[in-house]
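Following: one structure in structure tokens, then a few remarks.
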Amino acid sequence: MSDDLFKKIVSHAKEYGFIFPSSEIYDGLSAVYDYGQYGSELKNNIRSYWWKSMVQMHENIVGIDAAIFMHPTTWKASGHVDAFNDPLIDNKDSKKRYRADVLIEDYAEKQFEKAEKEVEKAKKRFADNFDEALFRSTNPRVLEYRKKGEEAVAKMAQMLEANDLEGVRQLIVDLEIVCPISGSRNWTDVRQFNLMFETRMGSVAEGAESIFLRPETAQGIFVNFMNVYKTGRMKIPFGIAQTGKAFRNEIVARQFIFRMREFEQMELQFFVKPGTEMEWYQKWREERMKWHLDMGIPASKYRWHKHEKLAHYANAAADIEFEFPFGFKELEGIHSRTDFDLNAHQQFSGKKLQYFDPELNESYVPYVVETSIGLDRTFLAVFSHAYEEQTLEDGSVRTVLHIPHFLAPIKAAVLPLVKKDGMPEVAMKIVEDLRQEFMVQYDEKDAIGRRYRRQDAIGTPFCITVDNETMENNTVTVRERDSMEQIRLPAEKLINVLSEKLKPGKL
RNA sequence: GCGGCAGUAGCUCAGUGGUAGAGCAUCAGCUUCCCAAGCUGAGGGUCGUGGGUUCGAGCCCCAUUUGCCGCUCCA
């Protein structure tokens, strides 16, 4: 049922110029999409809502726009070179895929467990006069198991370091590792999956340096920490915000714009005094949820997901999940990243990345609380929640996008009730006035009802209609999208009245 | 990456080897003083792409690409 709804939403997004498959005339490109004439407006409006509420509305937050290309060492310091490179192997019988390094580590773990069992057995056998340390260091079976495990891990590390994938496969074969599902040893080659896109900088192929397209925007903020701190005269606690594209070579990317290989993030890195990070983590959790609810989307569509298993850099992490047509999925992450990133960059660069605290009269590496939200995912959340096929009282059906007014691509359409008696000219004059303030459209084609429906389909909150009465006293009707109710206003009051209704939070 | 299903007009789809269709949408005109499915006319498809079988392929076969579902992956 929700699959059908989701298909309709995808079709609607294309049919009305919100989202197109990338380079569609060449059959498209897997998991890449383009934003169309209305989609880019909606996306810009969401980005702008974020930027205003994060940067403009906070005294102590500034925004930057770092480049997508970064020095290759950045990704060693951040951990992405290690974490985003997985050697994978498939079992041909069970069709299951495993991380080759995990298989070998599991093998080693089993050997260690066998050694422990020997120790346990001996402990029972010798009871009171058992010297465990001596047993461990002398018993041949214990030594043998431990040696097998340690050697396997050591060999693997050596091979991965040398990028010897064939060697890793051979190691799996030699260790007689079997697939836990099929029990067979029928393995494919080991393949390296690099989740970072790689390209070359420099036009001469031989001398070109291999660089990566950033897999997250956060590092552009961390490497600029000192620049912003010094030139912006920032005092802790302070934040640096950024929106921009990031790239991940996902093994499978699916579900429309939910998981794309090229996507846009909106991130805040908030630098705080060590030890205060938990209160800021709480504060930003509240603030970010409020941001979502202020769009007018009901709280029931959101839920928290607390990370039990934390990433290597975090000491607390939670996701805001949204109920998409295909279920609750991650929309935004709020992470307490400790001083992991700045410390790492400090080490790799050899440059001091510290804040001098005038109150303590000492320097420290600040802790970081991050809020990181997917712009494309927020677009999908707003768009899919807005979509409704509404059955009216007369039994007819209209497709309407209940996009929050202030985010709508087109704010108002100006429509002459009929295409004669001078109404088109008056309507076009109103369009020229409103255009100074909002995205507006003029439409005179077809019956008025049909034109209302067309605007409903792209989520235009207001339709302004010029009729006979306008010709007499210069008043117009304003029809609101969701209620379909009309009010009559003097044309010269339109800008003021609409501006008020188009503020965030007004629905 | 593996397995299954699918790709025909902007959208939804019909078309079982013999001249490419429908509804909606779009455009032009008419009608219309307020909520689509009134009237007239028009435009738009080398049937995802490339090969093959056949006198003849949208339809059968192979490859490829894109999408969907299930695995897998998603620090």
Side-chain angles (χ1 to χ4, degrees), chain A residues 3-4 6-8 10-17 20-33 36 75 78-86 88-99 102 181 188-189 191 193 195-196 215-216 218 248-256 258-259 261 307 309-314 317 326 329-330 333 335 337 340 390 392-400 415-421 423 444-457 463-471 476-481 483-486 488:
Chain A
D3 270 358
D4 285 349
F6 187 49
K7 277 182 188 163
K8 282 179 178 173
V10 174
S11 296
H12 193 84
K14 182 177 179 202
E15 186 168 3
Y16 287 91
F20 308 123
S22 160
S23 25
E24 200 185 6
I25 61 168
Y26 295 110
D27 290 341
L29 188 61
S30 179
V32 186
Y33 292 89
W75 307 114
S78 70
H80 285 86
V81 169
D82 292 332
F84 265 26
N85 276 288
D86 293 335
L88 299 181
I89 188 166
D90 294 336
N91 182 270
K92 289 180 187 169
D93 297 314
S94 65
K95 308 286 186 198
K96 294 285 173 187
R97 168 170 297 167
Y98 302 94
R99 276 178 56 174
V102 171
I181 306 280
T188 63
D189 289 342
R191 280 161 299 186
F193 282 72
L195 278 303
M196 284 196 287
E216 65 173 24
R248 290 186 195 184
N249 209 350
E250 304 279 359
I251 294 171
V252 286
R254 252 179 227 171
Q255 274 164 329
F256 197 39
F258 182 80
R259 176 168 299 158
R261 297 209 161 92
H307 288 214
K309 209 182 91 190
L310 294 171
H312 57 275
Y313 54 72
F326 41 84
K329 299 277 179 186
E330 180 184 351
H335 300 151
R337 290 180 80 124
F340 176 88
Q390 189 177 45
L392 302 176
E393 281 175 14
D394 64 1
S396 68
V397 174
R398 70 165 182 157
T399 302
V400 53
L415 318 168
L417 192 58
V418 293
K419 198 172 29 173
K420 59 181 182 186
D421 302 335
M423 290 180 199
E444 59 174 29
K445 170 75 184 162
D446 295 319
I448 190 70
R450 185 187 290 268
R451 281 178 275 167
Y452 288 151
R453 299 301 166 87
R454 268 204 287 264
Q455 296 300 330
D456 290 341
C463 286
I464 295 153
T465 304
V466 171
D467 56 13
N468 267 334
E469 210 177 320
T470 312
M471 309 310 285
V476 294
T477 62
V478 178
R479 174 231 192 223
E480 197 277 333
R481 175 194 65 203
S483 65
M484 298 169 70
E485 281 168 6
Q486 288 183 307
R488 185 167 279 277

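Values in this document were obtained by computation on a predicted structure and should not be read as measured data. Chain A is the first sequence line, chain B the second, and so forth, proteins listed ahead of strands; every chain is numbered from 1.
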Hey, is the side chain of [X] pairing donor to acceptor with the base of [N] inside 3.5 Å?
{"X": "Arg453(A)", "N": "A36(B)", "result": "yes"}
{"X": "Arg450(A)", "N": "C35(B)", "result": "no"}
{"X": "Asp467(A)", "N": "C34(B)", "result": "yes"}

Sequence neighbours excluded, the answer for ring pair (Phe, Tyr, Trp, His ring centres under 6.0 Å) partners of Phe256(A) is Tyr33(A)
With a 4.0 Å cut-off on heavy atoms, is [X] in touch with a base, just the backbone sugar-phosphate, or nothing at all?
{"X": "Leu417(A)", "result": "base"}
{"X": "Lys420(A)", "result": "sugar-phosphate"}
{"X": "Ala457(A)", "result": "nothing"}
{"X": "Ser30(A)", "result": "sugar-phosphate"}
{"X": "Phe20(A)", "result": "nothing"}
{"X": "Met423(A)", "result": "base"}
{"X": "Arg454(A)", "result": "sugar-phosphate"}

Could you please name the option among [options] that lies closest to any side-chain atom of [X]?
{"X": "Ser396(A)", "options": "C34(B), A75(B), A36(B)", "result": "A36(B)"}
{"X": "Glu216(A)", "options": "C73(B), A75(B), C34(B)", "result": "A75(B)"}
{"X": "Val397(A)", "options": "C27(B), A75(B), A36(B)", "result": "A36(B)"}
{"X": "Val418(A)", "options": "C27(B), U32(B), C35(B)", "result": "U32(B)"}

For [X], all residues meeting side-chain contact (heavy atoms from CB on, under 4.5 Å), sequence neighbours excluded:
{"X": "Asp446(A)", "answer": "Arg450(A), Arg454(A)"}
{"X": "Ser396(A)", "answer": "Leu392(A), Asp394(A), Arg453(A)"}
{"X": "Ser22(A)", "answer": "Leu29(A), Val32(A), Asp34(A)"}

ask   = Are the side chain of Gln255(A) and the backbone of Phe258(A) linked by a donor-acceptor contact shorter than 3.5 Å?
value =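 No; zero donor-acceptor contacts below 3.5 Å.
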- Task: For Ile25(A) and G45(B), give me the distance from atom CD1 to atom P, rounded to whole Å.
- Result: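 My rounded result for the distance is 14 Å.
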Strictly under 3.5 Å: I want the nitrogen or oxygen pairs between protein and nucleotides 5-13 of chain B, one per line.
residue	atom	partner	partner atom	Å
G10(B)	O3'	Lys14(A)	NZ	3.4
G10(B)	N2	Glu15(A)	OE2	3.4
C11(B)	OP1	Lys14(A)	NZ	2.3
C11(B)	O4'	Glu15(A)	OE1	3.3
C11(B)	O3'	Ser11(A)	OG	3.3
C11(B)	O2'	Glu15(A)	OE1	3.3
U12(B)	OP1	Ser11(A)	OG	2.7

Re U32(B): Watson-Crick or G-U wobble partner, both distances kept under 3.5 Å, found to be none
Which whole number of Å gives the distance between the C1' atom of G15(B) and that of G50(B)?
24 Å
Contacts of Glu24(A) meeting salt bridge (Lys or Arg N to Asp or Glu O under 4.0 Å) (sequence neighbours excluded), chain-then-number -> Lys14(A)
Practice task
Scan side-chain atoms only and decide if Arg479(A) and Gln486(A) contain a donor-acceptor pair under the 3.5 Å cut-off.
Solution key: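 No, because no side-chain N or O of Arg479(A) sits under 3.5 Å from a partner of the opposite role on Gln486(A).
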